[in-house]
Amino acid sequence: MAAITLTGVGVAIFVLLRVVPGDPIAMMISPGASPADIAALRAHYGLDAGIGQQFVVWARDLLRGDFGVSISLHRSVLELLAERLPATLELAGAAFVVALLLGVSVSVVAVLASDSKVAPLIDTVNGLFLAVPDFIWALLLVLTFGVFAPVLPLSGRIDPSLDTHFTTPFYLLESLLTLRVALFSDICKHMIMPTLALALPLAAVLTRVLKESLREAMVQDYVLLARLKGKSRLRLVLQEALRNAIAPALALTGVQFTFLIGGTVIVERIFSYPGIGNLAIDAVINRDLPLIQGLTLAFGALFILVNIAVDLLVVAANPRLRHG
Amino acid sequence: MSAPILVIDGLSAVSQRDGTPILRRVSLTLHRGETRGLVGESGAGKSTIGKAILHILPSAVRVTAGQILFEDRDLLTMPSAPLRRLIGERIALIPQDPMTALNPGRRIEAQLTDGLRLIRGASARTARARALSLLEEVHIREPERVLRAYPHELSGGMRQRVLIAAAFALEPALIIADEPTTALDVTVQKQILRLLRNMQNAHGTAVLFVTHDLGVVAQVCDSVTLLFGGKVIEEGPVAQVLEAPRHAYARALLDACPRSDHPELGLRPIPAELIARLRREVATP
Amino acid sequence: MVEGALTQRTDVSATRRRWDWIGVCVADPKVAVGGGFILCLCLVALAAPLIAPHDPLEQDIMLGLTPPPGFAGAEPGHWLGTDDLGRDVLSRVLYGSRVALTVAFAASALAAVIGSTLGLAAGWRRGWVDAAISRLVEIWMAFPPVLLSILLVAVVGPGVGSVIAAIAIIDWTRFCRVVRAETMNQASADYVTAARAVGFAPGRILMREIFPNVAPVLIALISLEMGIAVIVEAILSFVGLSVSSDTPTWGGMIAEGRQALHEGWWILAAPLTLLLLTVLAFNLLGEGLRRALDPVMRR
C-alpha cells in the first residue's frame, strides 16, 4: 500500500512538472547563449525527449540507483540527498522525541492535578498551543532567543569556525558517540529552536489525546486495585495507566507526525538549516526537475518510514498486539 | 468464633447530589475467619458498605454518621497515610470483573508481586517465589508460564484465580469480595467459589461477600446480612436465615430463587405490594 | 428522530428550528471574541486606505529602520517604526491584511465547494464513486502540504490567484472527509428515508434535507480552514512565491524582518503578532462554532 502511494506520488509529480509551462533550461542559461547552446543543454539533461520516454529513462535510472544530476547545483541528486537527508532525519527525530517527552509529562501532570485549578489552565494553554503552527513558533522563537535574549544561534547546523571533521553525515549522533562535547553542545544549541518549533504543535496534539486516554485508564479496576495496595498517584499514572493509554495516543499522533515532516520544509528555511526541506524550496524555485523528483521520493520514503516506526511503537506499547 | 475483626456501627450515607439516603444506620459484626454474605438487590447499598470500608466511595456519596472499626481502629477517622498502609496490608479486594481488574499492559508477575514489594519491601526473588507458591495454591497449572503471561493470554477463570491469589498475597485479615463470580459462567463459578472457601479456611481470613445471589451465599457463607433500601432487615447464620427466614422480604427473596432440592416449586416473583410496603418501612426512621 | 421525520414538510417551525443555531453561536464567548476580532480585521482591511497613516509603498531612505515610539531614535508618526527602506510598518501591516483576508475567504470557500461537492457525492452515492473519491483523498494526503503548495505555486507562477488555487487544491480533502462522513450519517437518518419514501428527487433531498444539516459542521470547518489559509499564504509570501513584492503582505514583511532581524526587530514582530492573533481568532471562532453547533446537530 505504502509502495503504491509512493509510486503514485512520484508519477503525479513527474507528470505535473512536465505538463505545466515553465522552462528549467531558460533559468540556467546566460543571456548571450545561442539556440544551439540551449538545445545542447536540453539534450544533455534529456529534456528533448517526449514525456513517456523521459519517464522510462527516469524510472530505469532510478532502479539502477541513479537519481540524475541537479540542474541548478550541477551535482548528483543522490549525493545531495545523502548529504542533506541525515540533517533532516536528526531534526525530525529530535522533534519527535522532544514532543513525546513534553506531551507525556504535561499529560501526566494534567491527570495528577485533575482535581485542582491547574487542570483547566493546562487545558487552556494546550488549546492555545494546538492553534499555533510550527511556522509561527519558529518566528516567535527567533524573536525571543535571537533578539530579546540572544542566547541561541539563529541559523545553520553547526558553527563553521569549529573543527567540523565528520566521518558520517549524522553530526548530532556522531559527536555524541565520539564524545566530542564541545561539538555536541554546539550542534544541540543550533537544533534547539527548530526542534522546539516542530515539537510544540505535535506535543499539543499528543497531550490532548493522551490526557483523555489517561483519564479513562485511571478509572479502571486495575488502577483501583493498585491504589488499594498503597501506590501513590504518580506511580498509578506511570506504572498502571500510562502503558495502556500511550498506544492509542501514539497511533493518533502518527498521522500528525507526517505533518511534522512537512513542517521541516519551512522551519529549515527559517533557520537556514541544511536539510532536504530547505533544499526542496530552492529546487522548486529553480525548477530543478531531477532534484525535485529525488526530493519528492525522499519525502515519500520518509513518510513511510515514519508510519512504520509509529506502528512499531504502538505494537511495542501494547502486549496484545505483540503476541497477535 | 473469636474476637470481632470488623464492627460497623450505625453507618449512614447519603447521595451528595440530592441527599437521598443510601445507607441507613447499618450495623454488622464480622469475626475472624467468618464469611459473611452481604445480600440485596442493586441499590440496596451492599457495594457501598464494601467501598466505605476501603475508602473508595465515589465523590457523589458522603458518609454522614457511624463507625467502621477494623481491628479496633476507626477507619473513618484515621489519618490518611496510616489508613492507606493499614488497608493495603490488612484488607484486600476481589473485584467483580476479572477482565478489567488486571492491567492489560503488565505481566502477571508484576501485578502479583506489587504489594509484596511495595508494602513488605520484599526482594524481586522472594516476591517471585511467593507469587509462584500462591499460583500453585489457587491450582494454576504451569505457574512459571502464567507469571510471564499478560492478562489477555489467560481465560476468565484463570484471571479470577490470579486475582484471588493476589488478594491473599499479604495474608490480609479481611477480604472484600464484590460479586467475584457474576462475570463468570456457571461451571467456572462453582470452582472459584470452592477455591475461595478453601483458601479462606486455610488462611483464617474473614470475608465480606457482596452478592445478590442467595444460592452463592448458601454455598460459601457462614452468616448473612440482608439489605433493603440501605437498611439491614435480617441477619443471622446462613442455615437459620435460609431455612426459617423471619422477615417477609427474606421469604419472598428465597422463593424467588431456583432451588435444586425442590425443583417442583419453580420461580415465584417477589410480590409488588411487599416491595412497596418495605419502601415505606425503611423510609420511616 | 421521530421529530426529525417531520422536517420533511419544511414548515415554518421546522425551518426556524433548523436555522436557530445562528443565535446559539453568537451567544458563545469563543465565537464572540474570535468572530469579533475577524470582523474588526475585515473592517480594517476594507478601510486600509482611509486609516493607514502613510502610503505603504512610500520609501524614505533618510528615515530607514526607525523603531516604534518609546525606543531611542523613534520618529513621530510611525507608530510601529519603519523598515530598512523607510516604509511605514503600521501602514504595511494594515494593507497586508487585505491579501491575508482575500486569500483566507477565497481559498477556504473554494476548498469548501470542491470538498463538499465531492464529499456529498461520495456519501450519497456510495459504491464506486465513494471508493474512487476516498482513494484520491488518501493519496492526496500522503504528501507534505507545505511542499505541495510551494510546488504548485512555483509551477503555476506566483500571484494571489495561484496561492488561492494552491490552497484549495491541497485542502479540499479536509472538507471532503468530514462532509462525506456527515452525509452518510444523515442519509441513513429516518427523515431522509421518509423523504425518499415520499418520492422526492435525490437532488431535492440533498439540497433541502441533507445540506442544511451538514451546513453547521461545514461552517465550523471553513472557519478553521481560513486560519490555515492565512498561514499558508504567509508561508508562500515568506518564500517569495505569493504576490509581487510591491504589494505588502505579512509573510513578505516577515521575510524582510527575518533578514533585518538585528537592525529592526519590529519589522518581524509587527506582522508576526497580527498573523498570530488572526490565526488564534479563526481557531477560536471555529472551535466555538463546533462546540455551539454540536448539541444542535445531536438534538
Side-chain angles (χ1 to χ4, degrees), chain A residues 1-2 4-6 8-9 12-13 16-17 19-22 127-128 130-140 142-143 146-148 150 154-155 255 258-267 269-272 276-277 280-287 292 295-296 299-300 302-304 307, chain C residues 30 34 135-136 138-158 170 224 227-228 230-232 234-236 238-241 250-251 254-255 257-258 261-269 271-273 275-287:
Chain A
M1 186 60 227
I4 295 172
T5 309
L6 188 54
V9 170
I13 296 296
L16 181 68
L17 287 174
V19 172
V20 296
L128 216 64
L130 273 173
V132 180
D134 40 25
F135 177 66
I136 292 185
W137 275 123
L139 294 163
L140 286 175
V142 162
L143 270 182
V147 179
F148 298 131
L154 274 173
S155 61
V255 185
T258 54
F259 289 132
L260 185 148
I261 298 286
T264 58
V265 174
I266 195 66
V267 169
R269 188 64 166 192
I270 290 170
F271 293 101
S272 311
I276 55 170
I281 292 180
D282 285 329
V284 165
I285 292 174
N286 295 327
R287 251 166 230 278
I292 294 174
L295 285 166
T296 310
F299 271 108
L302 211 52
F303 269 36
I304 291 165
N307 282 317
Chain C
K30 281 188 174 182
R135 185 53 35 85
L136 190 64
E138 261 169 45
I139 291 179
W140 221 263
M141 295 186 80
F143 204 69
V146 170
L147 192 58
L148 191 55
S149 56
I150 292 173
L151 198 68
L152 281 172
V153 176
V155 155
V156 184
I170 292 162
L224 293 174
I228 294 169
V230 169
I231 288 287
V232 175
I235 289 176
L236 289 171
F238 178 82
V239 178
L241 286 175
W250 293 344
I254 287 172
R258 173 72 180 87
L261 194 61
H262 296 290
E263 293 84 43
W265 53 265
W266 53 90
I267 308 172
L268 171 57
L272 184 61
T273 309
L275 177 66
L276 176 64
L277 290 178
T278 309
V279 169
L280 286 179
F282 275 126
N283 263 279
L284 212 56
L285 181 63
E287 285 298 320

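Values below: every heavy atom of this structure, side chains too, minus hydrogens, waters and symmetry copies. So that the names make sense, note that chain A is the first sequence line, chain B the second, and so on, each numbered from 1.
Between chain A and the options C:V279, C:V239, C:L272, the largest number of non-hydrogen pairs under 4.5 Å is found for C:L272.
Neither the backbone nor the side chain of C:A255 comes within contact range of chain A, judged by heavy atoms closer than 4.5 Å. In this structure, chain C has heavy atoms under 4.5 Å from both the backbone and the side chain of A:I270. At a 4.5 Å heavy-atom cutoff, C:F282 makes no contact with chain A through either its backbone or its side chain. Contacts between C:I254 and chain A at a heavy-atom distance below 4.5 Å involve the side chain alone, from C-beta outward.
Side-chain contact between C:E287 and A:L130: absent, with no pair of heavy atoms (C-beta onward) separated by less than 4.5 Å. A heavy-atom distance below 4.5 Å is found between the side chains of A:L140 and C:L276.
Between A:I136 atom CD1 and C:I231 atom CD1 the span is 3.5 Å, to the nearest 0.5 Å. We find the CD1-CD1 distance between C:I235 and A:I281 to be 9.0 Å, quoted to the nearest 0.5 Å.
Annotation for C:R258 and A:L154: closest pair NH2-O, 3.3 Å, computed over non-hydrogen atoms.
Checked against salt bridge (Lys or Arg N to Asp or Glu O under 4.0 Å), A:R269 has the following partners two or more places apart in sequence or in another chain: A:D282. For A:A131, the side-chain contact (heavy atoms from CB on, under 4.5 Å) criterion is met by C:L280, C:N283, not counting sequence neighbours.
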